[in-house]
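Here is the structure we will look at.
Treat the numbers as computed from the prediction; the structure is a model and nothing was measured. In this chain, numbering begins with 1 at the start of the sequence shown.
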Amino acid sequence: MHLRKMLRQDKEKKAVCNDKPADADKYDVKLELGDVVVTATDGVFDNLFNREILDIIEGFKRERYALKKQFRCGLRGPPCLLSEPEEAKELARRICRASRAKVDQGETGKRVETPY
């Protein structure tokens, strides 16, 4: 269905979203130790490619491990684990900032490549 037609129909129904929970995609994925699950809205996934998100995650893990190794603290389990809630929050902030940075670049008229 064409996007304009969909938006018009939504406007006529005065609803933001007509999707039902049963309409959602469902995936079964086996997780392994050290995996990071990223859940986000299209504000992230429309602006960042999967590879960009993965690069942010891998860089963050390397940085955190180096800090923990330097101060010999918090080295629980394999070096790839994010073991504290604050680490997960900081990682989420970095992903969001990267997405926002692309939006800001696009608003200045600079051509920005995105998945969307």
Arg94 CZ to Lys89 NZ distance, which is reported to the nearest 0.5 Å: 15.5 Å
From Glu63 atom CD to Leu91 atom CG, the distance as rounded to the nearest 0.5 Å: 10.0 Å
Over all atoms of both residues, closest heavy-atom pair of Pro115 and Phe45: CG-O, 3.6 Å
CD1 on Ile95 to CD on Glu90, rounded to 0.5 Å: 10.5 Å
Check: Val44 main-chain N/O paired with Asn47 side-chain donor or acceptor under 3.5 Å: no
Beyond-backbone contact of Val36 with Phe60, side-chain heavy atoms, under 4.5 angstrom: no
Crowding at CD, Glu113 (>12 non-hydrogen neighbours, <6.0 Å): no
Lys61 side-chain N/O to Gly34 backbone N/O, donor-acceptor pair under 3.5 Å: yes
Backbone N/O of Phe49 and side chain of Glu52: donor-acceptor pair under 3.5 Å: yes
Candidate pair Glu58 and Arg51, rule salt bridge (Lys or Arg N to Asp or Glu O under 4.0 Å), full reasoning: CA-CA 10 Å; Glu58 289 174 344; Arg51 181 75 238 171; 3.3 Å; yes
Lys26 vs Asp28, side-chain contact (heavy atoms from CB on, under 4.5 Å): CA-CA, chis, key distance, verdict: CA-CA 7 Å; Lys26 181 181 174 184; Asp28 292 318; 4.3 Å; yes
Spacing of Leu48 atom CG and Leu54 atom CG [to the nearest 0.5 Å]: 12.0 Å
Minimum side-chain heavy-atom gap Val38-Ile57 below 4.5 Å: yes
Heavy-atom donor-acceptor pair, Asp46 side chain to Gly43 backbone, under 3.5 Å: no
